[in-house]
Number of protein chains: 2
Amino acid sequence: MNNLSAVEENYLKYIYQLGETQNGIVKTNDLAYKLEHSAASVTDMLKRLSDKKLVSYKKYYGVSLTKIGQQIAIQVMRKHRLWETFLAKNLKFTWDKIHEIAEQLEHIQSDELVDKMDEYLGYPKFDPHGDPIPDKHGNILVPNVICLTDAKLKKLYILQNVNDDSASFLKYLNKIQLQLNDKIKIIEKEEFDETMLIIVNDKRQITISNDAAQNMFVKSV
Amino acid sequence: MNNLSAVEENYLKYIYQLGETQNGIVKTNDLAYKLEHSAASVTDMLKRLSDKKLVSYKKYYGVSLTKIGQQIAIQVMRKHRLWETFLAKNLKFTWDKIHEIAEQLEHIQSDELVDKMDEYLGYPKFDPHGDPIPDKHGNILVPNVICLTDAKLKKLYILQNVNDDSASFLKYLNKIQLQLNDKIKIIEKEEFDETMLIIVNDKRQITISNDAAQNMFVKSV
DNA sequence: TATTATTTTTAGATTAGCTTAAAATTATTG
DNA sequence: CAATAATTTTAAGCTAATCTAAAAATAATA
Ligand SMILES: [Mn+2]
Ligand SMILES: [Mn+2]
Ligand SMILES: [Mn+2]
Ligand SMILES: [Mn+2]
């Protein structure tokens with residue numbers, strides 16, 4: 001039981017996620033952009049989260065999660081990803097619809113509910129977008145993936161993980177019939193704009209923009 | 001999509017439920033008691049709901065739902081009862097735990113989610129407490145029940161419906177092993193305090209207080 | 001029916017979470 | 001390294017949803 005508001009939980013979650021690419025330190029403006037709030041609102045909330053010992057905040061420098069703040073962030077992600085799994089697997093939602101609903105469901109407060117959902121779903125390790133689902137104790141199985149933009153030419157990869165928070169990107173993947181676990185080999189890369197020609201499952205050839213590739217993560221076979 | 005806050009949705013739901021026993025008109029104090037808010041807060045909110053044309057509110061007289069307010073109230077109850085069904089049937093929660101969690105889940109905004117849950121659960125007609133689940137169009141199968149306090153002596157009844165919002169009452173029913181669809185026959189009623197001696201499923205005899213009987217609803221066989 | 005009791009509304013305040021505009025700090029660059 | 005640009009914070013203000021205390025309206029009763 002953490003008893004935080006949905007707004008506070010979202011702050012912790014996004015500080016966690018933005019911090020992953022950095023060294024854990026997140027800038028005010030990056031949070032403001034992610035949350036679609038003004039920078040002033042963010043500063044305001046960071047002070048309150050700091051008072052609650054959920055973040056360490058240093059003026060003009062940045063913010064990072066405390067131990068307890070991090071634990072809460074991970075539990076929110078756990079709920080988000082378990083709900084996404086339920087929506088996709090059990091209710092047959094397409095993967096472009098589930099994120100938005102999970103944004104609401106992740107704030108339902110009941111530890112018992114989370115654990116029962118986990119059990120009901122068979123303790124899934126990854127959500128429908130390939131994101132790892134933290135376990136009850138907050139352990140996360142970090143998948144060994146690289147961004148498709150960093151993948152080598154003529155090498156075989158498997159699509160492991162896609163960025164889940166843009167429905168339009170996921171709809172685009174539906175349209176070009178690209179799914180998780182598809183085999184991908186880059187056969188050519190345009191020097192000018194990084195557009196790449198790839199072969200999917202040793203069969204189809206498709207062209208992928210750099211923008212698209214940036215949202216795709218693969219592992220070598 | 002109604003886009004009301006959880007607070008507004010709760011007001012509509014409780015106006016609906018309190019109005020059922022009246023002629024649809026609900027008094028400020030009754031709402032305040034149900035919501036555990038001050039009467040002043042209720043008056044304030046009623047004015048705002050009135051501005052939004054969700055209720056008709058007459059000062060010092062009472063409040064009732066407009067057509068649109070009623071439709072929203074019914075959809076909130078639909079969601080509440082579908083979620084309770086999921087929690088009990090699929091996740092194996094006991095019936096005393098589900099109401100509190102459903103109080104949160106009923107405010108998740110997604111028409112598609114509600115319909116998919118309904119289908120997933122097999123279009124249930126009643127929730128785990130015997131309350132009717134409104135269909136997609138807001139139709140409610142009103143069950144023909146009477147309160148156990150109004151039941152006749154020596155007549156056979158079936159327990160159809162219990163009041164769901166008191167966990168302690170439901171835990172008490174667990175303890176005395178009384179469930180929905182149990183057969184009940186009142187064999188004696190104490191004149192002093194209305195305590196009744198009943199036979200359950202033609203086997204066990206138990207004593208039920210008037211307070212308990214007021215939360216139980218039965219139909220004749 | 002006049003007085004008293006109860007219910008309901010109004011008035012004024014508070015808190016969380018947001019905004020814009022202005023001020024302060026830090027980063028960039030000629 | 002000083003001027004300028006970008007980022008961040010502060011200041012002031014707004015709305016939704018709550019509160020308490022006081023005033024007003026309605027209901028009960030002697
Ligand atoms: Mn998601
Ligand atoms: Mn996901
Ligand atoms: Mn309930
Ligand atoms: Mn119920």
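The structure displayed is predicted, hence computed values, not measured ones. Residue numbers begin at 1 in each chain, while the letters A, B, ... track the order of the sequences.
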Margin query: Give the residues of residues 53-66 of chain B touching DNA chain C, defined as any heavy atom closer than 4.0 Å, sorted by residue number.
Written below: B:Y57, B:K59, B:Y60
Rounded to the nearest Å, what distance is computed from the [atom1] atom of residue [X] to the [atom2] atom of nucleotide [N]?
X     : N      : atom1 : atom2 : answer
A:D44 : C:dG17 : CG    : C1'   : 7 Å
B:Y33 : C:dT7  : OH    : P     : 13 Å
B:D51 : D:dT15 : CG    : P     : 14 Å
A:N10 : C:dG17 : CG    : C1'   : 13 Å
B:L31 : C:dT9  : CG    : P     : 11 Å
B:D30 : C:dT8  : CG    : P     : 7 Å
B:H37 : C:dT15 : NE2   : C1'   : 14 Å
A:I25 : D:dT7  : CD1   : P     : 18 Å

Notebook entry, point to check: What pairs with A:H80 under ring pair (Phe, Tyr, Trp, His ring centres under 6.0 Å), at least two apart in sequence or on another chain?
Noted result: A:H99
Item checked: Ion pair B:E106/B:R81, N-O distance below 4.0 Å -> no
Item checked: Salt-bridge criterion met for B:R48 and B:E8 (N-O under 4.0 Å) -> no
I want to verify a distance call: between [options], whose nearest atom is closest to the [X] side chain?
X     : options                : answer
B:R48 : C:dG17, C:dT7, D:dA17  : D:dA17
B:K27 : D:dT9, C:dT8, C:dA11   : C:dT8
A:V7  : C:dT19, D:dT20, C:dG17 : C:dG17
B:T43 : C:dC18, D:dA17, C:dT9  : C:dT9
A:E8  : D:dC19, C:dT20, C:dG17 : C:dG17
A:S5  : C:dG17, C:dT10, C:dC18 : C:dG17

Margin query: Let me spell it out: for each of B:A40 and B:M45, pick the nucleotide of DNA chain D with the closest heavy atom. Which residue's pick is nearer the 5' end?
Written below: B:M45
Which pairs of donor and acceptor atoms, one on a side chain in residues 136-151 of chain A, lie under 3.5 Å apart (sequence neighbours left out)?
{"from": "A:K136", "atom 1": "NZ", "to": "A:D115", "atom 2": "OD2", "distance (Å)": "2.6"}
{"from": "A:N139", "atom 1": "ND2", "to": "A:D135", "atom 2": "OD1", "distance (Å)": "3.4"}
{"from": "A:N139", "atom 1": "ND2", "to": "A:D135", "atom 2": "OD2", "distance (Å)": "3.0"}

Check: If you measure only the distance, is there a donor-acceptor pair under 3.5 Å linking the side chains of B:D193 and B:N210?
Finding: no
Check: Taking atom types as modelled and ignoring hydrogens, do the side chains of A:D164 and A:W95 form a donor-acceptor contact shorter than 3.5 angstrom?
Finding: no
Look at [X] and [N] and indicate whether a side-chain polar atom (N or O) is within less than 4.0 Å of OP1 or OP2.
X     : N      : value
B:S38 : D:dT20 : no
B:N29 : C:dT6  : no
A:S41 : C:dG17 : no
A:T28 : D:dT9  : yes

Notebook entry, point to check: Distance under 6.0 Å and angle within 45° of the ring axis: does A:K47 meet both against A:Y57?
Noted result: no
Note to self: Can you classify the ring geometry of A:Y11 versus A:H37 as parallel (below 30°), tilted (30 to 60°) or perpendicular (above 60°)?
What the structure shows: tilted
Note to self: I want to confirm an ordering. Mapping A:A6 and A:A39 to their closest nucleotides on DNA chain C, which one lands closer to the 5' end?
What the structure shows: A:A6
